Amino acid sequence: MNSAHDLGGQMGFGPVVPEKDEPIFHADWERKVLAINVAAGAMGAWTIDGIRHARESLPPAQYLSSSYYQIWLAALDKVLVEQGFLSKEELVSGVAGSTRREPKRVLKGEEVPTVLRRGFPYEREAPAPARFKVGDKVRTIVMHPQHHTRLPRYARGKEGVVELVTGCHVFPDTGAHGAPETAQWLYTVVFAGPELWGRDADPTSSVSIEAWESYLEPA
Amino acid sequence: MSGHDHHHHHDHEHDNHFTPIEARVKALESLMVEKGYVDPSALDAIIDTYETKIGPRNGARVVAKAWSDPAYAARLKADGTAAVAELGYGGRGGEHIVVCFNTPEEHNLIVCTLCSCYPWPVLGLPPVWYKSPPYRAKAVIDPRGTLADFGVSLPAGQRIRVWDSTAETRFIVIPMRPEGTEGWSEDELAAIVSRDSMIGVGLPSPEDRP
């Protein structure tokens, strides 16, 4: 969806301001939000793209005026209610009521090192050969879907070159919305700066995205 | 549970030692634990992992080895995930790693314009600026200006290649080994590799030697 999260190329935010000697967390509640997010994700009720969609579908003014862990917290509250784990009343009051959904699994403390180390690989068995190969010229499709997508606005309808064939990876656009998992070939597609940004672009710059096969057509 | 107290405090700021967001997070944590959705010891283990075990020193070891061992550098190019795993790193947030080597002709810069994708196992959790709108907006349209915000200026002839992390592939930059580091051990080399240089917004210098 075309929401506030799709930031590539937007202007007016000012310079990047790095913080000297930045701490890993700026407050104890940030630690907790990160940890609850990781642990709750392990219940297996939503995908990484499902929680991303919850974050990016926050109202633009809220998204842009929230710190990153505030965005995470708001999205986590939202999916926990949508998925039937908690009620809004429980979240507001902090008092446990009767709302409950049995999680598929609960991550135990002693499992954490193994589970984090293993991760959640997204490569899948390919059902068919890749349609494109390294060096192919491709054009990204133009679309403005209401649903989650990982094709950023700035890279739609642009001509680029396939630089890497990454593998067959879980497809986010449907998986974010609870559909059964599917996978597509994933490509690194590189675009010349002027193709993306026009004649004022730095001609020595280029940008690549990771594009699923259905985002691409032969050019 | 103490949830009721949190509600009370939330409504009465003046006698509240928690800020509203602290109260919200404490209430959520209590609910999740009470309902058996999360194990408190898992929360502690996750926090401990990202505060004490995983951070940019991991990535710095990858870079130092790439600088010292051409065969390892070749393996990194061929299969970043496998070569990084040789040093014991990988997993959540780094399941599929691609390694980008800077050259005199081309400099690499990593961004995630859509969210905050970042190679957690080798760089730790991303800094605030990486997740913030200014960086995510500017890195793709004005990479040279973005580098200038970090005080980095590249030769005019060196191209800039920006990698937008739109999938679960994660990227790490191998900066060029600076002159003046001949004969250094891997530990000495790792000490001058910063998080920023592995994102592409910094350059290592022998003067950063501790």
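Throughout, protein chains are lettered first and strands after them, A, B, ... in sequence-line order, and every chain is numbered starting at 1. Remember, predicted model here, so these are calculated numbers, not experimental data.
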Quiz prompt | Stepwise side chain to side chain contact (heavy atoms under 4.5 Å, CB included) test for A:Glu19 and B:Trp129 | solution = CA-CA 8 Å; A:Glu19 179 184 348; B:Trp129 61 259; 5.9 Å; no
Quiz item: Taking B:Lys26 for the side chain and A:Gly94 for the main chain, is one N or O donor matched with an acceptor at less than 3.5 Å?
Solution: no
Quiz prompt | Nearest non-hydrogen partners of B:Cys112 and A:Arg150, listed with the distance | solution = SG-NH2, 4.5 Å
Quiz item: Where does A:Ala201 contact chain B at under 4.5 Å (heavy atoms): side chain, backbone, both or neither?
Solution: neither
Exercise. Identify the residue among B:Pro133, B:Cys115, B:Pro134 that makes a side-chain contact (heavy atoms from CB on, under 4.5 Å) with A:Leu7.
Key: B:Pro133
Quiz item: Based on non-hydrogen pairs under 4.5 Å, which of B:Ile160, B:Thr166, B:Ile46, B:Thr113 is most in contact with chain A?
Solution: B:Thr166
Quiz item: Given B:Arg161 and A:Glu163, is the side chain to side chain contact (heavy atoms under 4.5 Å, CB included) satisfied, shown in steps?
Solution: CA-CA 12 Å; B:Arg161 165 62 189 279; A:Glu163 192 182 71; 2.9 Å; yes
Quiz item: Between B:Leu43 and A:Ala39, which heavy-atom pair has the shortest distance, and what is it?
Solution: CD2-CB, 3.9 Å
Quiz prompt | Portion of B:Val98 that has a non-hydrogen atom of chain A nearer than 4.5 angstrom | solution = side chain
Exercise. Considering only heavy atoms and a distance below 4.5 Å, find which of A:Gln10, A:Arg55, A:Glu56, A:Arg31 pairs most often with chain B.
Key: A:Arg31
Quiz item: Quick one: what part of B:Pro121 sits under 4.5 Å from any heavy atom of chain A, side chain, backbone, both or neither?
Solution: neither
Practice problem: Heavy atoms only, distances under 4.5 angstrom: which of B:Lys138, B:Lys35, B:Met32, B:Lys131 has the most pairs with chain A? Name it, please. | Solution: B:Lys35
Self-check item: Check: A:Tyr154 and B:Asp164 side chains under 4.5 Å, non-hydrogen atoms
Solution: yes
Exercise. Give the intermediate values and the outcome of side chain to side chain contact (heavy atoms under 4.5 Å, CB included) for residues A:Leu80 and B:Leu28.
Key: CA-CA 10 Å; A:Leu80 287 166; B:Leu28 177 63; 3.8 Å; yes
Exercise. Determine the option with the most heavy-atom pairs under 4.5 angstrom with chain B, choosing from A:Val33, A:Ile36, A:Ile24, A:Leu91.
Key: A:Ile36
Self-check item: Distance in Å, B:Leu31 CG paired with A:Ser87 OG, rounded so as to fall on 0.5 Å steps
Solution: 8.5 Å
Quiz item: What part of B:Tyr50 is in contact with chain A, defined as an atom under 4.5 angstrom from a non-hydrogen atom: side chain, backbone, both or neither?
Solution: both
Quiz item: Which pair of non-hydrogen atoms, one from B:Leu114 and one from A:Pro152, has the smallest distance, and what is that distance?
Solution: CD2-CB, 4.2 Å
Quiz prompt | Interface moiety of A:Val112 toward chain B, non-hydrogen atoms closer than 4.5 Å | solution = side chain
Quiz item: If you measure from CG on B:Asp142 to CG on A:Asp200, what distance do you get to the nearest 0.5 Å?
Solution: 11.5 Å
Quiz item: Could you state the interatomic distance from NZ (A:Lys32) to CD (B:Glu22), rounded to the nearest 0.5 Å?
Solution: 11.0 Å
Exercise. Please look at A:Ile48 and chain B and tell me whether the side chain, the backbone, both or neither of the residue comes under 4.5 angstrom of a heavy atom of that chain.
Key: side chain
Quiz prompt | Under 4.5 Å from a heavy atom of chain B, the part of A:Tyr187 involved | solution = neither
Quiz item: Is there a donor-acceptor pair closer than 3.5 Å between any side-chain N or O of B:Asp39 and the backbone N or O of A:Gly109?
Solution: yes
Quiz item: side chain to side chain donor-acceptor pair (under 3.5 Å) with A:Thr204: which of B:Gln158, B:His107, B:Arg144?
Solution: B:Arg144
Quiz item: Hey, does A:Tyr69 have a side-chain heavy atom less than 4.5 Å from the side chain of B:Ile21?
Solution: no
Quiz item: For B:Thr81, is it the side chain, the backbone, both or neither that has a heavy atom under 4.5 Å from a heavy atom of chain A?
Solution: neither
Quiz item: In terms of heavy-atom proximity below 4.5 Å to chain B, should A:Phe120 be classed as side chain, backbone, both, or neither?
Solution: both
Self-check item: Most contacts with chain A, counted as non-hydrogen pairs under 4.5 angstrom, among B:Pro127, B:Ala156, B:Ser132, B:Pro143
Solution: B:Pro127
Exercise. Measure the spacing between NZ of B:Lys53 and CZ of A:Arg117 and express it to the nearest 0.5 Å.
Key: 14.5 Å
Quiz item: Of the backbone (N, CA, C, O) and the side chain (C-beta and beyond), which part of A:Pro18 lies under 4.5 Å from a heavy atom of chain B, both, or neither?
Solution: both
Quiz item: Are the side chains of B:Arg24 and A:Trp29 in touch, meaning some heavy atoms are under 4.5 Å apart?
Solution: no
Self-check item: Heavy-atom proximity to chain A below 4.5 Å, by part of B:Leu125
Solution: side chain
Quiz item: Most heavy-atom pairs under 4.5 angstrom with chain B, which of A:Arg118, A:Met43, A:Arg100, A:Glu30?
Solution: A:Arg100
Quiz item: So, A:Tyr122 side chain and B:Thr169 main chain: donor-acceptor pair closer than 3.5 Å or not?
Solution: no
Self-check item: Nearest-0.5 Å distance, OG of residue A:Ser205 to CD of residue B:Glu106
Solution: 10.5 Å
Quiz item: Salt bridge or not for A:Arg124 and B:Glu168, using N-O below 4.0 Å?
Solution: no
Self-check item: Which atoms of A:Asp202 approach chain B - backbone, side chain, both or neither, heavy atom under 4.5 Å
Solution: side chain
Quiz item: Tell me, side chain or backbone of B:Ala85 under 4.5 Å from chain A's heavy atoms, or both, or neither?
Solution: both
Quiz item: What residue, out of A:Ile209, A:Asp49, A:Val115, has the most heavy-atom pairs lying under 4.5 Å from chain B?
Solution: A:Ile209
Quiz item: In terms of heavy-atom pairs under 4.5 Å, which option from B:Gly88, B:Gly124, B:Gly93, B:Gly55 contacts chain A the most?
Solution: B:Gly88
Self-check item: Least distance between heavy atoms, A:Phe85 atom then B:Tyr37 atom
Solution: O-OH, 2.7 Å
Self-check item: Exam field: side chain B:Arg159 to backbone A:Ser206, donor-acceptor pair closer than 3.5 Å
Solution: no
Quiz item: If we only count heavy atoms from C-beta on, is the B:Arg136 to A:His5 side-chain gap below 4.5 Å?
Solution: yes
Quiz prompt | Pick from A:Thr166, A:Val17, A:Leu86 with the largest number of heavy-atom pairs that fall under 4.5 Å of chain B | solution = A:Leu86
Quiz item: So which of A:Arg52, A:His26, A:Met11 has the biggest tally of heavy-atom pairs under 4.5 Å with chain B?
Solution: A:Arg52
Quiz prompt | A:Glu22 side chain vs B:Val128 backbone, donor-acceptor pair below 3.5 Å | solution = yes
Exercise. Begin with the C-alpha distance, continue with both residues' side-chain angles, and end with the deciding distance and a verdict on side chain to side chain contact (heavy atoms under 4.5 Å, CB included) for A:Glu210 and B:His96.
Key: CA-CA 12 Å; A:Glu210 303 297 290; B:His96 309 282; over 6 Å; no
